[in-house]
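To keep things clear, I will list the structure first and then write my remarks on it.
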Amino acid sequence: MAGEIPDLQAQERTGTGKGAARAARRDGMVPGIVFGGDKEPLPINIPFNVLLKRLRQGRFKSTLFNLQVEGHEDVRVICRDVQRDIVKDLPTHVDFMRLRRTSKVNLFIPVEFLNEETAPGIRKGGVLTVVRPEVELVVTAGEIPEKVVVDLGGMQIGDIVHINDVTLPEGTKATIDRNFVIANISAPSGLKASDDADEAAEETEEAEA
């Protein structure tokens, strides 16, 4: 199971319609709705500053939240839409969907690299370049993996780790079909410069010949 699913606190919103929504915004709240899960839609208000901070952290729509509303059981939700002011680009309404434990959802899972210190390529001076510190996977809401593990133990300079080289957590799959790159071990800059100089010298000699 993944580490901590972040909590998101909200209040139940009394009243519906544009009037109640405008009143919420005047009070520094962002109106929203929680739907799905064989339950009635629940109107909510979220503190504007809290929501804005979450949005600025990025990947809001692909983060699973534990929604806490006083008087209701905690529920796992994922954002399905954020409406924004067309001029100020600030949130004016947010929609969340309830998830069952068996629901499938796309989430970004962090990648952990093992044996970096002992990788032959790195011991020779190579540099680990991480292309994707996180990988977007289709996961089950009730069994979210904590991480994707990449073992660098046998990697040499020039080796590349693709998604197909990695054993993904059971019950998950990548959202992208192609065999994309996660990381590679590149030659140190000094060696690269030396190689480039050698290539340039060879080209010059060939041209003079």
Side-chain angles (χ1 to χ4, degrees), residues 1-112 130-148 163 169 172-176 180 182:
M1 184 65 190
E4 289 295 325
I5 296 175
D7 292 331
L8 186 63
Q9 284 82 29
Q11 304 170 3
E12 184 173 2
R13 174 161 43 96
T14 57
T16 56
K18 294 182 178 179
R22 282 196 295 267
R25 295 185 189 105
R26 285 196 299 268
D27 293 336
M29 310 293 281
V30 178
I33 194 78
V34 184
F35 62 91
D38 298 328
K39 293 184 178 180
E40 291 295 319
L42 176 65
I44 59 172
N45 288 331
I46 298 177
F48 174 84
N49 291 337
V50 172
L51 180 59
L52 188 61
K53 181 180 178 180
R54 290 287 188 184
L55 288 170
R56 286 176 172 171
Q57 289 174 351
R59 292 178 176 163
F60 186 76
K61 290 186 178 181
S62 58
T63 299
L64 189 65
F65 291 103
N66 179 50
L67 184 66
Q68 299 176 327
V69 180
E70 186 175 353
H72 296 267
E73 292 183 357
D74 292 3
V75 62
R76 291 179 179 179
V77 298
I78 193 165
C79 178
R80 279 295 172 250
D81 187 44
V82 178
Q83 298 173 27
R84 297 175 180 267
D85 183 281
I86 58 174
V87 177
K88 299 179 180 179
D89 195 36
L90 296 175
T92 58
H93 193 277
V94 61
D95 296 343
F96 291 100
M97 184 176 71
R98 299 183 185 97
L99 295 175
R100 301 182 181 89
R101 293 186 65 83
T102 56
S103 299
K104 295 290 186 180
V105 61
N106 295 4
L107 293 180
F108 283 91
I109 305 299
V111 179
E112 178 178 309
V130 178
V131 178
R132 292 178 184 263
E134 299 175 306
V135 177
E136 189 177 23
L137 302 179
V138 180
V139 304
T140 303
E143 299 178 359
I144 302 172
E146 183 177 353
K147 57 195 174 185
V148 172
I163 186 63
T172 71
K173 66 176 183 178
T175 59
I176 302 174
F180 56 84
I182 295 178

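- Atoms CD and CD1, on Glu136 and Ile176 in that order, are 7.0 Å from each other to the nearest 0.5 Å.
- Residue pairs satisfying the ring pair (Phe, Tyr, Trp, His ring centres under 6.0 Å) criterion with at least one member in residues 19-60, sequence neighbours excluded, are listed as follows: Phe60-Phe65.
- Distance CD1/Ile5 to CG/Leu64: 4.5 Å, rounded to 0.5 Å.
- Note: Leu51 CG to Asn45 CG = 11.5 Å, rounded to the nearest 0.5 Å.
- At a threshold of 4.5 Å between non-hydrogen side-chain atoms, the residues Asn66 and Pro6 do not count as touching.
- Using a 4.5 Å cut-off on side-chain heavy atoms (C-beta onward), Leu99 and Val77 make no contact.
- Val135 has its side chain out of reach of Ile109: every pair of non-hydrogen atoms, C-beta onward, lies at least 4.5 Å apart.
- Arg76 places no side-chain N or O within donor-acceptor distance of the main-chain N or O of Arg101, the cut-off being under 3.5 Å.
- Applying the salt bridge (Lys or Arg N to Asp or Glu O under 4.0 Å) test to pairs two or more places apart or on separate chains, those with a residue in residues 26-43 are Asp38-Arg100.
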Distance-only criterion, 3.5 Å: show the donor-acceptor pairs between side-chain atoms of residues 79-89 and protein atoms not counting sequence neighbours.
| residue | atom | partner | partner atom | Å |
| --- | --- | --- | --- | --- |
| Arg84 | NH1 | Asp89 | O | 3.2 |
| Asp85 | OD1 | Val87 | N | 2.8 |
| Asp85 | OD1 | Lys88 | N | 2.7 |

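- Annotation: Lys104, atom NZ; neighbour count of heavy atoms from other residues, nucleotides and ligands within 6.0 Å is above 12.
- Separation of atoms OG1 (Thr63) and CG (Leu8) is listed at 10.5 Å; rounding is to 0.5 Å.
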